[in-house]
2 protein chains.
Amino acid sequence: MWNALERADGFLSAQEVFDAVRGTGERVGLATVYRRLQALVDGGDVDVLRGEDGEALYRACRTSEHHHHLICRNCGASVEIKSTAIERWAAESARKHGFTDVTHTAELYGRCRRCS
Amino acid sequence: MWNALERADGFLSAQEVFDAVRGTGERVGLATVYRRLQALVDGGDVDVLRGEDGEALYRACRTSEHHHHLICRNCGASVEIKSTAIERWAAESARKHGFTDVTHTAELYGRCRRCS
DNA sequence: GCGATACCGACAATCATTCTCATTAAGCGG
DNA sequence: CCGCTTAATGAGAATGATTGTCGGTATCGC
């Protein structure tokens, strides 16, 4: 399961992970895939985000630091992006409106060079 | 339907809109709620975003311009935010990695003044 | 080896969302 | 007002992702 995520260089849905694992001949249940993915997410080893249709997408990330993603909406390939601009903007906006304890999500969706 | 969205000053799920409309005595089907909400979204009159569990949440927005939200994770109240910094960051990042046709999502979650 | 325990796979259940289709409402020329 | 065409609607079935259930199995300390 971990291998499947590492090998893919983009986000995979739970179904895709399931198919990939099955493809290696390993006999595994779909429920287990969800359980293990959730465990990986809880452990901080995998990033999860919601596609535009609300489906959960998983990815093994190279860094455990806070970062964002640039995702190809065609092939799923993704690039990790760090940005101080976003962090600054988030903190600034929160302060201006009296909000505390603020977190944020930010993802970019487009077509990668190959899929253009 | 529009009234229900306007009256709430936070995001509502499709089910909540459905309940609100039914509460007024209006006889309407759930499928119609989804259809009309989608139409409103397409027309730019309503914003939609995905909650952390993937559920679609709708809100009547005051401006039809592109903007983001600062949302209280306790009471659901939200503030609309415009930011040129984000737009610049998105365009810049996309260009740098050869992505085209890029859109983005960015939301801030925190506790509003009253809920702090 | 033995019992306690955690994990697992198969499948049923749930929940949001979409699809289907017969029905109804609305526009319109006569 | 009438009949006809067309778009929108409601009810409920269908779909698809995700989660729960439960009997079975591998594991570990003793």
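Just so it is clear, the values below take in all heavy atoms, side chains as well, and ignore hydrogens, waters and symmetry mates. Naming convention: chains lettered A, B, ... in sequence-line order (proteins, then strands); numbering from 1 in each chain.
No side-chain heavy atom of B:Leu5 sits less than 4.5 Å from a side-chain heavy atom of B:Asp45.
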Distance-only donor-acceptor hits, side chain of residues 30-40 of chain B, under 3.5 Å, sequence neighbours excluded:
from: B:Thr32; atom 1: OG1; to: B:Arg35; atom 2: NH2; distance (Å): 3.3
from: B:Gln38; atom 1: NE2; to: B:Asp42; atom 2: OD1; distance (Å): 3.1

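Residues A:Ala60 and A:Trp2 approach most closely at CB-CH2, 3.9 Å, considering heavy atoms. Taking all atoms of both residues into account, the shortest heavy-atom contact from A:Leu70 to B:Ser93 is CD2-O, 3.8 Å. When every heavy atom of B:Val48 is checked against every heavy atom of B:Ala56, the shortest pair comes out as CG2-CB, 4.2 Å. The shortest non-hydrogen separation linking B:Cys72 to B:Cys112 is SG-N, 3.5 Å.
Nucleotides of DNA chain C with any atom under 4.0 Å from a heavy atom of chain B span, from 5' to 3', C:dA16 to C:dT20. The footprint of chain A on DNA chain D, defined by a heavy-atom cutoff below 4.0 Å, extends from D:dA17 to D:dT21.
Sorted by first then second residue, the salt bridge (charged side-chain N to carboxylate O under 4.0 Å, His left out) pairs that include residues 96-116 of chain B, not counting sequence neighbours, are A:Arg73-B:Asp101. Residues in residues 72-116 of chain A take part in these ring pair (Phe, Tyr, Trp, His ring centres under 6.0 Å) pairs, two or more places apart or across chains: A:His66-A:His104, A:His68-A:His104, A:Trp89-B:His68.
Interface residues of residues 4-11 of chain A facing DNA chain D, ordered by number: none; criterion, heavy-atom separation under 4.0 Å. Contacts between residues 32-50 of chain A and DNA chain D, defined by a heavy-atom separation below 4.0 Å, involve A:Tyr34, A:Arg35, A:Arg50, listed by number. At a non-hydrogen distance threshold of 4.0 Å, B:Arg22 from residues 13-22 of chain B come into contact with DNA chain D.
Going from atom NE2 of A:His67 over to atom CG of A:Asp47 covers 4.5 Å, rounded to the nearest 0.5 Å.
Evaluation of the salt bridge (charged side-chain N to carboxylate O under 4.0 Å, His left out) rule for B:Glu80 yields B:Arg59, B:Arg62 as partners, not counting sequence neighbours. A search for salt bridge (charged side-chain N to carboxylate O under 4.0 Å, His left out) contacts involving B:Glu65 returns B:Lys82, not counting sequence neighbours. For A:Arg95, the side chain to side chain donor-acceptor pair (under 3.5 Å) partners are A:Glu92, not counting sequence neighbours. Residues passing the side chain to side chain donor-acceptor pair (under 3.5 Å) test with A:Ser116, sequence neighbours excluded: B:Thr100.
Tracing side-chain contacts under 4.5 Å through hydrophobic residues (I, L, V, M, F, W, Y), one never reaches B:Leu49 starting from B:Leu12; they form parts of separate clusters. A continuous path of ILVMFWY side-chain contacts below 4.5 Å connects A:Val79 to A:Ile86, so both sit in one hydrophobic cluster.
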